[in-house]
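Note sheet for the following structure.
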Amino acid sequence: MNFRRVIVLDLASLGVGEASDANRYESVGADTLGHIATLEGTDFQLPTLSRMGLGNIRYADPVVGLPPVEEPIGFFGKIRSKSEENSELSGLREMFDFQAATRTTSVIDSIVGLLGVHSILISNYQSYLSNQNEAEVIPVNTDEAGFYQLHQQVIKPNNGLLYFRTMGLQANAATGDRKGCIDSLKLADQHLARLMRELYSTDLLIITSSYANDPALAVTPTREYLPLIAYVSSLPEGKALGIRRTLADVGATIGEIFGLDFSNESIGHSFLGELK
């Protein structure tokens, strides 16, 4: 598949169950998605994400309201942070980390200028994103404003990376507002339905989360596996991507698409070859 653009939707704060090292981070029993869903029970519905395979990630331990679907349209799996640090920004740095020939930089900056490739970042202020010197940063303060900008950028035939980090789920999880978390997820789900209609056949959509924060636990952030969904409009049938050991696999996939050298396997492993 000859992808020309990667769109990353970062549902920051969304975890899908305790990670294998959860005990080191006071996160045993953490389950952001599961604990959010129990507030509404069977009325908890995310139809677009469900079709893409969000419920299939938890096929062995289904989330109430999100049973696995028989024919998911997305490639689905779960991914974890490898970093010893567990913060709101450590996962973001890990996701886009790249070891260039002379220094550690980022995939965000490194792909800019390659055959007309751009990097566009939509987010509220985050020091890491603002320090990407080659990227265009579009500042937003609400998810509604962010999705508006996302739609405006998606319909343009640009090549490169388009990244949007949602804010509502983060804010509501931080205050323990599970109803607010549900509303934020439903808003994202509605916009995803529109986004799917706007994608070009050469677009790769990646939905993930840079960290988890279970509103039902006192510790923050929580150490959890994170969702990973990849969607391609021209590939209507998805399959499992398994468990990815580092968020850097996202950056490695982007890097392979745009021709970066990821020979250093300690950084991440691309899942591009699995999208068939």
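These figures come from a predicted structure and were not determined experimentally. For the numbers below, each heavy atom of this structure counts, side chains included, while hydrogens, waters and symmetry mates do not.
- Side-chain contact, Ser87 with Glu85: a donor N or O sits under 3.5 Å from an acceptor N or O.
- Arg244 contributes no side-chain N or O that, together with a main-chain N or O of Asp249, makes up a donor-acceptor pair within less than 3.5 Å.
- In Arg178, the CZ atom is crowded: over 12 heavy atoms of neighbouring residues, nucleotides or ligands sit closer than 6.0 Å.
- A side-chain donor-acceptor contact under 3.5 Å links Asn172 and Ser184.
- Following chains of ILVMFWY side-chain contacts shorter than 4.5 Å, one can reach Ile7 starting from Val140, so the two form part of one hydrophobic cluster.
- Applying the ring-ring contact (aromatic ring centres under 6.0 Å, His included) rule to pairs touching residues 18-53 yields nothing, sequence neighbours excluded.
- Of the N and O atoms on the side chains of Asn213 and Thr222, not one donor lies less than 3.5 Å from an acceptor on the other residue.
- Checking Ser81 against Glu94 by side-chain atom types alone, a donor-acceptor pair falls below 3.5 Å.
- For the residue pair Ser106/Arg93, the side-chain donor-acceptor check at 3.5 Å is not satisfied.
- Remark: Glu237 CD is loosely packed, at most 12 non-hydrogen atoms of other residues, nucleotides or ligands lying under 6.0 Å away.
- Here salt bridge (Lys or Arg N to Asp or Glu O under 4.0 Å) pairs that include residues 207-232, with residues two or more places apart or in two chains, are Asp21-Arg223.
- Between the Asp10 side chain and the Phe164 main chain, no donor and acceptor come within less than 3.5 Å of each other.
- In Gln149, the CD atom is crowded: over 12 heavy atoms of neighbouring residues, nucleotides or ligands sit closer than 6.0 Å.
- The cluster map of Ile, Leu, Val, Met, Phe, Trp and Tyr, joined by side-chain heavy atoms under 4.5 Å apart, puts Leu49 and Leu195 in the same cluster.
- With side-chain heavy atoms closer than 4.5 Å counting as contact, directly or through intermediates, the hydrophobic cluster containing Leu217 also holds Val219.
- The side-chain contact (heavy atoms from CB on, under 4.5 Å) search around Ile257 returns Phe3, Val6, Leu204, Thr253, Leu272, not counting sequence neighbours.
- Among pairs with a residue in residues 121-142, none fulfils salt bridge (Lys or Arg N to Asp or Glu O under 4.0 Å), at least two apart in sequence or across chains.
- For Ser119, the side-chain contact (heavy atoms from CB on, under 4.5 Å) partners at least two apart in sequence or on another chain are Ile108, Ile111, Val112, Ala135, Leu161.
- For the residue pair Asn124/Gln126, the side-chain donor-acceptor check at 3.5 Å is satisfied.
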